[in-house]
Amino acid sequence: MIEVKNLKTKYSYGDEFSVASALFENGRISGVIGKNGSGKSTLLKTLAGQRKYEGRILINQKECSEYSSMERAREVAFLPQSVKNLNMDVRTLVEHGRYPYHGNFRRMGEEDEKKVNRALELTHMKSFEKRDLYELSGGERQLAYLSMIIAQDSSMILMDEPTTYMDRIHQDEFFSILRILVKEGKGIVMVCHDIEQCFAYCDKIFLMEDRKLEYAGTPDVFTQNEQIIRRNFGIAMKKSEDEESVYPFVMKK
Amino acid sequence: MIEVKNLKTKYSYGDEFSVASALFENGRISGVIGKNGSGKSTLLKTLAGQRKYEGRILINQKECSEYSSMERAREVAFLPQSVKNLNMDVRTLVEHGRYPYHGNFRRMGEEDEKKVNRALELTHMKSFEKRDLYELSGGERQLAYLSMIIAQDSSMILMDEPTTYMDRIHQDEFFSILRILVKEGKGIVMVCHDIEQCFAYCDKIFLMEDRKLEYAGTPDVFTQNEQIIRRNFGIAMKKSEDEESVYPFVMKK
Amino acid sequence: MKKIIKWYILPLGILILSLVAALFAGSKSISVKDIIKVLSGGGSAFQKVIIFQVRIPRIIATASTGAALSVSGYLIQNNLNNTLASPGILGINNGAGLFVLLFACLFPYHYAGKCFAAFIGALLVTTAICILASVTGMSKTSIVLSGVAFSALCLSVIDIIISLKPETVADRVAFQIGGFNALNINSVKFAVPFIIIILIASLIMAPSLDILMLGDDVAGGLGLNIKFYRAAHILFAALLSGAAVSMCGIIGFMGLIVPNVVRLFYRGNSRGGIFLCMVIGASFLTLCDLLGRSLVYPYELPCGLFLSLIGAPFLVWMLIKKRKRLGMA
Amino acid sequence: MKKIIKWYILPLGILILSLVAALFAGSKSISVKDIIKVLSGGGSAFQKVIIFQVRIPRIIATASTGAALSVSGYLIQNNLNNTLASPGILGINNGAGLFVLLFACLFPYHYAGKCFAAFIGALLVTTAICILASVTGMSKTSIVLSGVAFSALCLSVIDIIISLKPETVADRVAFQIGGFNALNINSVKFAVPFIIIILIASLIMAPSLDILMLGDDVAGGLGLNIKFYRAAHILFAALLSGAAVSMCGIIGFMGLIVPNVVRLFYRGNSRGGIFLCMVIGASFLTLCDLLGRSLVYPYELPCGLFLSLIGAPFLVWMLIKKRKRLGMA
Amino acid sequence: SKARTDIVNLDEKNSQNNEAGQNISEELTVEEDQTTVLEEETSKDQALPQRVIALSKSNAELWVLAGGELVGTSEDALNIEGIGEGVEDLGDMDKVSLEAITALEPDLLILFGTEPAQKALGEAASEIGIPVLFTNIDGFEDYEKVMKEFTDLTGRDDLYEKNVVSVREEIDEILKKVPEGEEKTYLFLHVSATKSKAEKNDYFASEIFNSLGLRNIASDDSSFDELSMEAIVSADPDYIFVVPRGNEKKALESFDSIFVNDPAWESLTAVKEGRYTLLSKDLFGLKPNDKWADAYKEAYDLLYTNE
Ligand SMILES: Nc1ncnc2c1ncn2[C@@H]1O[C@H](COP(=O)(O)OP(=O)(O)OP(=O)(O)O)[C@@H](O)[C@H]1O
Ligand SMILES: Nc1ncnc2c1ncn2[C@@H]1O[C@H](COP(=O)(O)OP(=O)(O)OP(=O)(O)O)[C@@H](O)[C@H]1O
Ligand SMILES: [Mg+2]
Ligand SMILES: [Mg+2]
């Protein structure tokens, strides 16, 4: 669980980012939406302890900055918006997800192996485990990093546009994986540009506007407050009436 | 116009990629869809003259490999799937789009400046022109590269998942930009994972399956051949009956 | 307009000032008045010799060496996207050193010839690097590693020669330290026109360097012949530093510090960067050499000393000043 | 299983073979029989001196220097994600060289003490680099440029010392070429335990090196204290090469070639990479030194000669063999 | 050893007729049997060099010993006896500025033929019209030859008599006293502050000890010059001679520490029995020139009188 109060952060120039208060719960998928440049990535980075901030970020009741970095990584995993193309095979990458546990000293134990294998199976990347990241397609690479984050097995998972480059089937699978993780009690915070998907799968939605997080609520609430969505995305959302429809909420003009 | 016949290409290991025949026309938006790893990026790279190939790729009636690289760049622009985060300001980046014209020798002329400014205006990146790529959000960076490709002003534009990281408004704007370009007679080939968008905006759709391009047709044709889409994406498409719907074709279960 | 003053007029002004300073300062046996007399056609024979045969060639040599080495470093660093790349690390210096040594063994009493030897050495090694790199794909890593390999190879041959003919070690040391105190006028006549031509060529080709930095995918899409230009810039760099080295031996850190400093404070395109490297490198080395030859006259201090002594703290200062930008890269 | 043989047993076997070869080969005045006699407690006094005071310390020194320099290079290169990085380019060698020279001026002819001086020099310069780099954000570029700056600074002070005391130039050259023929047994006693401890420590810390390579964002998310580890690896590298340099002066290219070759043929994690660098570096330098001291006995050739002479073609061969992988990077 | 003296003698008239830099430099390689060529050359050219620069202690000394006067010399030569007050200090012999040389308007520049830095300087100087003379001394015989040339140039045969012929006689005197007996071995070390290097027979001081009946353990004529420690221990020389490169006084204070504390050195008989000696730099480190006989005498005393 991540609780945020009066959070403020800033780049060397430009306006301040702020969050008055927000709660990202365990067992929930929290979606962060907003325009380009509204500050979603900055928020996630800050929550992950990667940026200096003022105010409070309580991760499981303890202030983020009071964690040692390894402890924090056991509580919070973070997948950045763009990831590196490395000369490294997929399995090795995924094994690095276990770093917060074995650190430098312990070797990969049975437990670790199990977590790694499970992550690879969840993402269907088992057959790619010996392949190099350089030799993967964009979507496959994204799945490899996703496996790493799953292997990290932290109670909160922050993901910045994780479905980038994924095809539809993988996106669907991705959300079912999230469901599995959420059932295990993990909390997910993800940034997402596909509003229909977001409304379909997220339990709670956080909207960032102009470097501020000011609106939060269930998809239903947002559907009712049409103008907020329309202002940011040029469309509104409504409950789908078509029963063949893939998503429960669909965009309307 | 790009005409492809019996195209074959291959990585150092793994199966061959092949296209029996395909025509990417001017004045059209051609969408390339397919699963992760089906070979979309490889196809685009090959069309852009970035890979060795067997068979024929005719760019405006002339074999791709017979162009000098500068000539080719005046005919075909190419935006790769992932782009670099550089220490360079946006305007400089966009000006590089003029390289195929002025090369090393000529300086940026009035014509060039005009094209650059127009590209920046189309993408609404004019106000960012002095910003560094490092200081941009993911979506803003994507728009910067898009401006560069537009400034390149080639008759064919190949784009690999260009809407990555873009928010909904920018995506809409992106497609209206494409419409403008298409009206000017340019041909667009783009890879896209959002099927609804693709069906809404593309004039012709090319589906890659297992490293082969075997199906091509208008959105209507694909809508009729349900099983092909379903096999690849887990859903099918249908004409929208809802008149509030944003897209003319929507997914169905 | 402010930009033009800052990036063009100011540096050029500094260059001209340093050239003039270097012309008028030096031995006390010839006063400013004398120099003006000589320049306007008068003066004694010996004053003419000092000005026209000693001082002016030396100034020309320092300025062009400074420009050549800085631009050479800039080309290599931007081309390979590697702050640490320099003519030295790519084996160009060792190649030149090897040929100087070979030449010293074969024709021990032809000193003037060694400048051709150095130049040819630099060129041959670079050609070898380019061939190996192109066999291995002309990627950045393959160029860098080819450079390391040939650099090491040349060094081992140098070691063999020194082991077989220990008396050549002095030749080696003299070459390695570098300096202008015993500048040979023939080497200036050979190297300087050459350096000027290549400098102009690299200014012309500069835009391709910008495009290379966008990464291979994007650069290819913009119609850049990546392999060709990558090789061309390396070759230019080699020609420049080969010509410089042939005049004055190895002047370390010039090709490493100046381009890095320029890149820290200048953010425009490569043509501007090359121009700045050229002008700043030329004035900086001229001033360092001026210090070296006048501070303890008639003694000489190696100009490389001042180069590092002034350049390094300046780099530190720039690093601290620009630390915000560094954090992002 | 095949993996274990290939990456562990085979390299270790090679190491043991080279150590044994180095023990038995050498001056003709002592035969294999004699050596066995000495090792089992017998032999004449003079034979004992040769084996225990000359040959064994030398083998220990070459093996540990080889391991230290290779691992040092590997740590720096992976840490900074830069093929060209090495102890030399980061100023560690120049720092050690400066202190050796200072020491030579203050306490000439205390041969044993110069090894501490070298070591302390390397350490001080690295500390300075780390401080400047941390002020400027501890990014890769800031470390690299801080290294370049301090390296240049040390070099300029070296130049000043040599200008003031020209007789020290011989010390400078001796330090720069490096070798084991004038090995001081006290420096071995000091440096080797040290090297062993740091090697073990870097094997232990290896996983953090892997994580660093994922980039700062991802590494931070995995709980790595990026600044701390980046500094720690640099410091380890400095300690290793400082200790090595204190025994034998600068042995160029070791820290550049071995890690690059290892990275070309081995694709596993950093712990394996460090292990391979260690073992291959140790056997390679031991063999090179064996060649150096036995080929022209009673004279010696510098081991660096064979290092480049064998290492460089090997690197070329690896480059050609692995050219497909290179194309991607 | 072979003596070579190369003269790059630039005729002033010649240089006026030709365009700058296009001068024809006339290079004479004078081998042992060609000394006459040089004499002819100098006798034709009656004008004696008036403004001479010698850029090393040894060369300056030779020129002064031959009765010449200098206008400029390198720093290390300034304390030589017989150097006048007005002689210009030109700095470190490796890094003399061409401009400083030209400013003295020399008509002869004497340089070492073996030093590349001086060689380069010589070429650059002759390029702009300064006559240059290179010397190369590896032993007493070379000294004799160069002195012959110099005294011929200065016309001071009396000084040749005094500084060469009588020295030669003194040396012969000493050599006559050398007792016959078992051949002892020695190791000659040239030490700098951090390193020691064994000298072979081509070093001038080795010639002295060899003629006094000793044998250098580094005695072959290969060109390799790093003697292996194993070889030193195996050869176990009877004497070790040490000459410092740097400050002599400091070397005297601390040169013991080179040999003690290191078990390999300590095991040598010469060290155990204290037969290692620091020799004076003036006689055995630099060419002794007119004190050549003193060097022989000191070596003789060390070997035979002290016992
Ligand atoms: N290093 C930086 N220095 C200055 N400004 C920055 C920096 N990084 C980002 N910004 C600015 O901060 C704002 C928010 O950036 P952020 O990356 O958080 O946006 P985002 O909501 O993730 O956008 P996107 O959907 O495009 O990824 C943007 O306007 C961006 O230009
Ligand atoms: N350098 C390479 N070497 C070997 N195989 C490769 C290489 N690059 C890509 N591949 C493989 O080729 C296949 C097609 O890759 P490509 O990038 O063209 O897919 P894509 O359709 O663009 O996928 P995505 O939607 O994930 O971007 C993938 O299975 C990938 O693993
Ligand atoms: Mg973002
Ligand atoms: Mg792709």
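So you know, we letter chains A, B, ... as the sequences are listed, proteins then strands, and number each from 1.
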Using non-hydrogen atoms only, which part of B/Gln142 is less than 4.5 Å away from chain A: side chain, backbone, both, or neither?
neither
How about B/Val189 and B/Met159: do any of their side-chain heavy atoms sit closer than 4.5 Å?
no
Just so I understand: if I count every heavy-atom pair under 4.5 Å between each of A/Ser137, A/Cys192, A/Gly34, A/Gly14 and chain B, which residue has the most?
A/Ser137
Could you report the tightest heavy-atom contact between A/Ile177 and A/Ile150, atom names first, then the distance?
CG2-CD1, 3.7 Å
Heavy-atom pairs under 4.5 Å with chain B - which of A/Val250, A/Asp242, A/Val246 has more of them than the others?
A/Val246
If you count heavy-atom pairs under 4.5 Å with chain B, which of A/Arg168, A/His170, A/Glu243 comes out on top?
A/Arg168
Looking at every heavy atom in both A/Met156 and A/Phe24, which two are closest together, and how far apart are they?
CE-O, 3.7 Å
Residues of residues 195-225 of chain A with a heavy atom under 4.5 Å from any heavy atom of chain B, in residue-number order, are A/Ile195, A/Glu196
Centroid separation A/Phe17 to A/Tyr11 less than 6.0 Å
yes
Just wondering, do B/Leu86 and B/Tyr134 contact through their side chains at under 4.5 Å, heavy atoms?
no
Give the interface residues of residues 35-44 of chain B toward chain A, defined by a heavy-atom separation under 4.5 Å.
B/Lys35, B/Asn36, B/Gly37
Just wondering, do A/His193 and B/Met166 contact through their side chains at under 4.5 Å, heavy atoms?
no
Under 4.5 Å from any heavy atom of chain B - which part of A/Tyr247:
side chain
Would you call A/Arg141-A/Asp132 a salt bridge at under 4.0 Å N-O?
no
Atom group of B/Phe233 that falls short of 4.5 Å from chain A, counting heavy atoms:
both
Do you know the tightest heavy-atom contact between A/Phe174 and A/Pro162?
CZ-CG, 3.4 Å
Check this for me: does any side-chain nitrogen of one of A/Arg91 and A/Glu129 sit under 4.0 Å from a carboxylate oxygen of the other?
yes
Proximity breakdown for A/Gln81 and chain B, heavy-atom pairs closer than 4.5 Å
both
Return the OG1 to NZ distance between B/Thr46 and B/Lys8, rounded to the nearest 0.5 Å.
14.0 Å
Can you tell me which of B/Ala236, B/Ser12, B/Ser82 forms the most heavy-atom pairs within a distance under 4.5 Å of chain A?
B/Ser82
Residue A/Asn232 versus chain B: region with a heavy atom under 4.5 Å
backbone
Could you check B/Lys238, B/Lys239, B/Lys253 and say which one makes a salt bridge (charged side-chain N to carboxylate O under 4.0 Å, His left out) with A/Glu244?
B/Lys238
Is there a donor in the side chain of A/Ser147 and an acceptor in the side chain of A/Thr123, or the other way round, less than 3.5 Å apart?
yes
Nearest heavy atoms of A/Glu135 and A/Arg131, plus distance in Å
O-NH2, 3.1 Å
Got a salt bridge between A/Lys252 and A/Glu226, using NZ or NE/NH1/NH2 to carboxylate O under 4.0 Å?
yes
